[in-house]
Amino acid sequence: MNTLRLHFPAILMAGLCVFTGLAAAAPITLTSASNVLINFDGSGGVPVQLVNGLSAQLHLYGFSFNTGTGSHAGETLVEFSFDVANTSSSPVVSSRITGVGFNTTPDLVDTADNGVNGVFENIVMAPTFPNSIGTVDFCFTTQSCPGGGNGGVAKGATSTGNTASLYFTGSITQLTLDNTYVRYLSLSCPTGTDCPPSATGVGTLVTTSDSTVPEPSTYALFALGLAGIAGAKRKNWIR
């Protein structure tokens, strides 16, 4: 089990997310020491609305920043690993994640030398994500970012050890992740449940650190602790 190495304010914010819902996405600074965990919700249908039980998680780690050479002089090669977990739960019966989209600063260079390996085999530049998200800088996908194709990460599954090698404009030692998104397809829910056939999730930072990322169970235990504290305070107020 990973050792928890976060300051109390960071843990408190993670716990508060359990009770108040996920806040709006904020830019995330990535460096060679970054170890980042991002949660996603899921929304779809007409009109677009939150799909209960639909969720995902993205883990980014193992970053390196190297000066580009040859035709990539004046650019930076950023390499990293990532895990994608489909954490959807009841009432969602089935779903699969078929793409992860990114907006970054600086911009990704549009080159055939960019590569991604693992469950997502393709990089698509400037794809359009549905549900009012619009165009994103790039995405990793099984085939097409908006939809289509087979494969992906099914409900309850985690794809680990995926890798990416990407060229970015300029000489950089850090990368800003402005927004992240996931694409869900093949949704099914019990009869009578309001459940669209596809959806899109917006990412919200859970934590970032230079060492380890807490396991999901850590947050669950902390949430229970906060609930206990809230209950104790309520009893005192009643008295």
Side-chain angles (χ1 to χ4, degrees), residues 10 23-40 56-85 97-130 132-146 149 152-153 159-183 200-213:
I28 303 169
T29 300
L30 303 172
T31 69
S32 58
S34 292
N35 195 332
V36 176
L37 193 64
I38 299 171
N39 273 352
F40 296 85
Q57 201 167 70
L58 174 65
H59 181 194
L60 304 170
Y61 57 97
F63 286 88
S64 66
F65 293 74
N66 297 295
T67 301
T69 60
S71 62
H72 295 292
E75 300 167 1
T76 301
L77 174 62
V78 180
E79 298 179 293
F80 59 93
S81 298
F82 63 98
D83 305 335
V84 180
I97 299 168
T98 59
V100 182
F102 303 87
N103 286 330
T104 62
T105 303
D107 294 331
L108 178 69
V109 178
D110 189 356
T111 172
D113 293 330
N114 289 326
V116 62
N117 294 295
V119 66
F120 305 121
E121 301 175 334
N122 305 299
I123 299 177
V124 179
M125 298 292 292
T128 299
F129 266 61
S132 302
I133 289 176
T135 302
V136 302
D137 291 346
F138 63 95
C139 83
F140 303 152
T141 179
T142 55
Q143 182 173 334
S144 169
C145 295
V153 184
S159 176
T160 61
N162 306 282
T163 60
S165 301
L166 309 175
Y167 286 92
F168 289 89
T169 304
S171 178
I172 61 173
T173 57
Q174 66 181 38
L175 176 68
T176 299
L177 189 60
D178 299 316
N179 299 102
T180 54
Y181 308 96
V182 294
R183 180 66 169 146
T200 306
V202 177
T204 302
L205 176 69
V206 175
T207 186
T208 178
S209 72
D210 60 1
S211 52
T212 57
V213 172

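Positions are given from 1, in the same order as the sequence printed here. Just so it is clear, the values below take in all heavy atoms, side chains as well, and ignore hydrogens, waters and symmetry mates.
The ring-ring contact (aromatic ring centres under 6.0 Å, His included) test applied to F80 returns F63, not counting sequence neighbours. Evaluation of the ring-ring contact (aromatic ring centres under 6.0 Å, His included) rule for F65 yields no partner, not counting sequence neighbours. Shown here are the ring-ring contact (aromatic ring centres under 6.0 Å, His included) partners of F120, two or more places apart in sequence or in another chain: there are none. Considering only residues two or more places apart in sequence or on other chains, S159 meets the side chain to side chain donor-acceptor pair (under 3.5 Å) condition with N162. Listed by chain and number, the residues in a side chain to side chain donor-acceptor pair (under 3.5 Å) with N103 amount to none (sequence neighbours excluded). Every side chain to side chain contact (heavy atoms under 4.5 Å, CB included) that T160 has, sequence neighbours left out, goes to D83, T158. Scanning for side chain to side chain donor-acceptor pair (under 3.5 Å) contacts around S32 gives an empty result, with sequence neighbours left out.
Among all heavy-atom pairs drawn from V119 and G152, the shortest one is CG2-O, 3.6 Å. Looking at every heavy atom in both residues, A56 comes nearest to V182 through CB-CG2, 4.4 Å. Scanning both residues, G101 and V136, for their nearest heavy atoms gives CA-CG2, 4.4 Å.
Once rounded to the nearest 0.5 Å, the distance linking CG of L30 with OG1 of T104 reads 9.5 Å. Separation of atoms CD1 (I28) and OG1 (T204) is listed at 8.5 Å; rounding is to 0.5 Å. L37 contributes atom CG, which lies 8.0 Å from atom CG of L58 (distance to the nearest 0.5 angstrom). Atom OG1 of T128 is separated from atom CD1 of I133 by 11.0 Å, given to the nearest 0.5 angstrom.
Judged by distance alone, the side chain of T76 and the main-chain N or O of I172 form a donor-acceptor pair under 3.5 Å. Checked by atom type and distance alone, the side chain of N114 pairs as donor or acceptor with a backbone atom of V109 at under 3.5 Å. Checking side-chain atoms of T141 against main-chain N and O of T98 turns up a donor-acceptor pair under 3.5 Å. Side chain of R183 to main chain of P146: a donor-acceptor pair is present (N/O by atom type, distance under 3.5 Å, no hydrogens or angles).
Looking at heavy atoms from C-beta onward, L166 lies in side-chain contact with F140 at the 4.5 angstrom threshold. Contact annotation: the side chain of L60 approaches that of L177 to within less than 4.5 Å [non-hydrogen atoms, C-beta and beyond].
Screening L175, D107, L77 for a side-chain contact (heavy atoms from CB on, under 4.5 Å) involving F168 leaves a single residue, L175.
Between Y181 and F129, the two ring planes are tilted [angle within 30° to 60°].
Pairs of residues two or more places apart, or lying in two chains, that qualify as side-chain hydrogen bond (donor to acceptor under 3.5 Å, both in side chains) and include a residue from residues 163-173 are E79-S165.
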Please tabulate, for side-chain N and O atoms in residues 66-75, each donor-acceptor pair with protein atoms closer than 3.5 Å (sequence neighbours left out).
{"unit_1": "H72", "atom_1": "ND1", "unit_2": "E75", "atom_2": "OE1", "d": "2.7"}
{"unit_1": "H72", "atom_1": "NE2", "unit_2": "D113", "atom_2": "OD2", "d": "2.6"}

I would like to know whether V116 and F82 meet side chain to side chain contact (heavy atoms under 4.5 Å, CB included); could you show each step before the answer?
CA-CA 10 Å; V116 62; F82 63 98; 3.8 Å; yes
